[in-house]
Each structure stands twice: as structure tokens, then as C-alpha cells.
Amino acid sequence: MVNIRIPKSWEIDPRAVTPEAIFFSRRRFLHSAIASGLGAALLAGCQNQSQEQSQLTAKTLPLDAKRSNAFASVDYPITDESLATKYNNFYEFGGTKSIWQQAQALPTDNWKVEIGGLVKNPRTYDIDDLRQKFPIEERVYRFRCVEAWAMVVPWVGFPMHLLIKDVEPTSAAKFVRFTSFYDQKITPGPGFWADSYPWPYTEGLRIEEMANELAFFAVGMYGKTLPPQNGAPIRMVIPWKYGFKGAKSIVKIEFLAQQPATFWNTLIPNEYDFEANVNPSKPHPRWSQAVERVVGNGPSINWTTQPTLLYNGYEEYVAALYKT
Ligand SMILES: Nc1nc2c(c(=O)[nH]1)N[C@H]1C(S)=C(S)[C@@H](COP(=O)(O)O)O[C@H]1N2
Ligand SMILES: [Mo]
């Protein structure tokens, strides 16, 4: 791994640890916690699969949307819902993949999304108005995390260009910043060092990227509204970029003249660049991106590997954005 002295767990600087390294070390912690009886209560609550599955989606409602013809499938199968809703990244609720229970604390009632900055029609939407105003559809997209795991998810939502048209950015608008929900009392973060992270979680796009047909606001997945752990009630889905570009639980969208600072790029700039396009020939400083692990498609640890595709397989849609 990295070329550093192995620190004691309580002195690990998050800037020196990969999300994945944290995941695996926490898994080890979890195992010993369970062995020592600490996990017994947790386990008792999840005695069987179906009980657990109903907990996973307890806060969702059915969301009827027709599957888009253009994005009806990809060349490998849709990931099981129970995996996509249980293996998450949501640092506001913890630094492991197993935060779905903690994330149930996300308060999604009366959710509002404020849209402003360099636009002719700034406005604040109630989530219900957003869901009604823009025609929703289902799109099956590849989903690739910078940590090299991959899934296929049927998202329900609407393309971002509909929102651009609605708020009418001025000609000065060149970038867009998306801000996630944050409340220190509700979102404890990933434990040690959490206070030094650049909260709230923010992400950004060039306005041309946001206007691309693929850029999507998801308000649901698997035919239901989003569960908290996946970014309820509205999140970004940018399928040709690494997963961290897809900010969850959006509360604010601002059109800007300058490129905004973003969460991971601020925290570890040499590892998480602003553009973050999926690219097999551009390794992460600490691991290769040439192949990806398909979550849920294999035995035991539950994954098989396959080659990573440039722009995550969406070259025909987005390559023109990156011609120099
Ligand atoms: N607000 C917020 N958004 C976030 C994250 C996060 O920690 N906080 N993690 C990102 C990362 S790294 C990934 S891979 C995806 C994971 O989405 P999923 O849990 O629905 O699979 O969410 C992205 N959006
Ligand atoms: Mo990620």
C-alpha cells in the first residue's frame, strides 16, 4: 500500500488512507466486535434476509416510471437490489460500506432544493414539485466507483438538462456546484478526523457536462424512491465519471463563473481530480484502474473482474466534451 509508517488506528490521518483501506480495516473491526458479542444486538435485528430487505427499503415508496429505450440495459446484469442498497459510500454516516442503518437517520420530510447563482429564474423546489414537474423515467446505467468496484443500477429520475432549461443560466455561468445535506447533529461523519473534512459534501460539473444527455438526477432506484443510504430524496448520477462525482441528498445547486472546490478534490487533490472521468489507462496514484470488480457476480467475496471501459462505456455520448 502506501509508503508510510503504519500508525496506530487512533492516529490515522484520513488523507493517508483510501476509502477501501478504511472499509477493510473496519470490516476486521466489525468481525472482532461481533465475536466479542458487541454485534449480537445488530445480528438479532437482521435474523433473516427478508426482514433485512424490508428494513433496507423501509423508507421508500413505489415510483412508477417507464424504462427508457435508449438506456434499457448494459452488457452485464443489473446488480441485486439488496447489494446496491447495502454496500454504500456515504461518509456523512460513516467511513465504511456498511452505513445503511446509520443513514436511516437522514431526515427526508419537507425536503427542499435551492437553485440559484447565475440563473434568470432562481427558485426553491419542494421535492414533490420536482418529481411532478419533470417527467421521470428509468435508466439502467453502469456505475463505477474510483475504488474499482462496479455495479449496474436501474435509476429513476430525469436528465439534468431539463432543470438547466427551467432555471435558464446566464451566459456567465460556466460551472455548477451541488451541495449535499449536512447537519453535524445528524451526520457524524467517518469518526476520527471527521471535523477536519471539508463539509458539506459538494461536487461540481462544467455546465456542458451537466447539459449532456447522460447527466441525471435520480429520485429513485429499483422502482422505488431512493432509500436514505443511496442519497434520498435526490442525488446526482454521472455514469461516465467515478462514483464520488455523484453527490447524494442534494439541498443546493448553484450556477457559477468559476470552478468550485469539491469535497474529495479538496481533501486529497492528487488522487481525486475535478474531472474524474472513468479511464482504464489513468491509474489512481495507489492502484490500477485497468480492471473493475463487479459487485455480486462471484462467489464468497462476491465479485468477478472485467476490463474498465473508457468513460465507463459511454464514449459515444461524452467523448466530444473532452476533445482538445
Ligand atoms: N453526500 C455524499 N455523496 C456521495 C458520497 C458521500 O460520501 N457523500 N460518496 C460517493 C461515492 S465515493 C460513491 S461510489 C457513491 C456511492 O453511491 P451508492 O452508495 O448509492 O452506491 O456516492 C457518492 N456520493
Ligand atoms: Mo466511490
Side-chain angles (χ1 to χ4, degrees), residues 14 18-23 56-57 60 78-104 106 108 113 141-157 177-183 186-191 194 197-205 216-222 224-253 262-268 271-273 276-278 284 287 289 292-296 308 312:
T18 71
E20 195 154 309
I22 294 170
F23 172 57
L56 283 169
T57 53
T60 63
I78 289 177
T79 304
D80 280 354
E81 181 181 357
S82 61
L83 282 167
T85 56
K86 235 172 90 180
Y87 183 87
N88 301 104
N89 273 333
F90 205 164
Y91 269 62
E92 287 85 335
F93 293 100
T96 75
K97 295 285 174 293
S98 321
I99 50 68
W100 65 269
Q101 280 169 314
Q102 288 90 315
Q104 306 307 309
L106 182 78
T108 52
V113 184
Y141 276 164
R142 293 166 170 275
F143 184 52
R144 172 63 154 78
C145 175
V146 70
E147 296 158 359
W149 53 264
M151 298 192 196
V152 179
V153 178
W155 301 106
V156 176
R177 171 169 54 212
F178 304 81
T179 304
S180 295
F181 174 87
Y182 180 72
D183 178 339
I186 301 169
T187 49
Y197 282 62
W199 308 110
Y201 194 102
T202 55
E203 257 309 333
L205 295 172
F216 202 63
F217 284 116
V219 296
M221 65 199 297
Y222 297 89
K224 302 187 233 3
T225 56
L226 289 173
Q229 63 270 31
N230 294 93
I234 182 167
R235 69 170 301 164
M236 310 165 65
V237 177
I238 311 295
W240 72 97
K241 294 181 182 285
Y242 291 119
F244 69 86
K245 293 296 291 184
K248 294 178 166 181
S249 304
I250 302 285
V251 295
K252 200 194 273 184
I253 300 168
T262 55
F263 184 84
W264 284 111
N265 186 246
T266 301
L267 202 53
I268 320 181
E271 301 194 356
Y272 307 106
D273 62 321
N277 291 327
V278 176
H284 183 279
W287 59 85
Q289 294 289 20
E292 58 196 21
R293 301 186 299 275
V294 181
V295 176
T308 302
N312 206 20

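When a ligand or atom number is given, it counts from 1 through the structure's own listing order. Side chains are part of it too, since the values below use all heavy atoms of this structure and drop only hydrogens, waters and symmetry mates.
- Side-chain polar atoms of Q229 and Q101 form no donor-acceptor pair below 3.5 angstrom.
- The shortest non-hydrogen separation linking S180 to E92 is CB-OE2, 3.8 Å.
- Aromatic rings from Y272 and F244 are positioned such that their centres are separated by under 6.0 Å.
- R142 places none of its side-chain heavy atoms less than 4.5 Å from the side chain of V278.
- A salt bridge does not link K241 to E203: none of the charged nitrogens lies less than 4.0 Å from a carboxylate oxygen.
- One side chain, N89 or K97, offers a donor N or O that lies under 3.5 Å from an acceptor on the other.
- Side-chain contact between W155 and P239 is absent, with no heavy atoms from C-beta onward closer than 4.5 Å.
- Aromatic rings from W199 and F263 are positioned such that their centres are separated by under 6.0 Å.
- Protein heavy atom at the shortest distance from atom 24 (N) of ligand 1 is G246 O, 2.8 Å.
- The heavy atom nearest to atom 13 (C) of ligand 1, considering only P227, A103, G95, G243, is found in G243.
- The shortest N/O to N/O separation between M151 and ligand 1 does not fall below 3.5 Å.
- Between S180 and ligand 1, at least one pair of N/O atoms sits closer than 3.5 Å.
- Around the NZ atom of K252, the shell of radius 6.0 Å holds no more than 12 heavy atoms that belong to other residues, nucleotides or ligands.
- Geometrically, ligand 1 and N88 share a nitrogen or oxygen pair separated by less than 3.5 Å.
- When hydrogens are left out, the protein atom nearest atom 6 (C) of ligand 1 is Y201 CE1, 3.3 Å; that is the closest non-hydrogen contact.
- Closest to atom 3 (N) of ligand 1, if we only count protein heavy atoms, is K248 N, 3.1 Å.
- When all heavy atoms are compared, the tightest approach of F90 to S249 is CZ-OG, 3.5 Å.
- Contacts of Y91 with ligand 1, taken as heavy-atom pairs under 4.0 Å, involve both backbone and side chain.
- If you check which protein heavy atom lies closest to atom 9 (N) of ligand 1, you get N89 O, 3.3 Å.
- Atoms of ligand 1 found under 4.0 Å from any heavy atom of C145 (numbered from 1 in listed order, with element): 14 (S).
- The residue from E203, R235, K86, Q229 that puts a heavy atom closest to atom 20 (O) of ligand 1 is R235.
- Nearest to atom 16 (C) of ligand 1 by heavy atom, out of F143, Y87, F244, is F143.
- Of the N or O atoms in W264, none lie within a sub-3.5 Å distance of an N or O in ligand 1.
- Protein heavy atom at the shortest distance from atom 8 (N) of ligand 1 is E92 OE1, 2.8 Å.
- The shortest separation from a heavy atom of A247 to ligand 1 is under 4.0 Å, placing the residue in contact.
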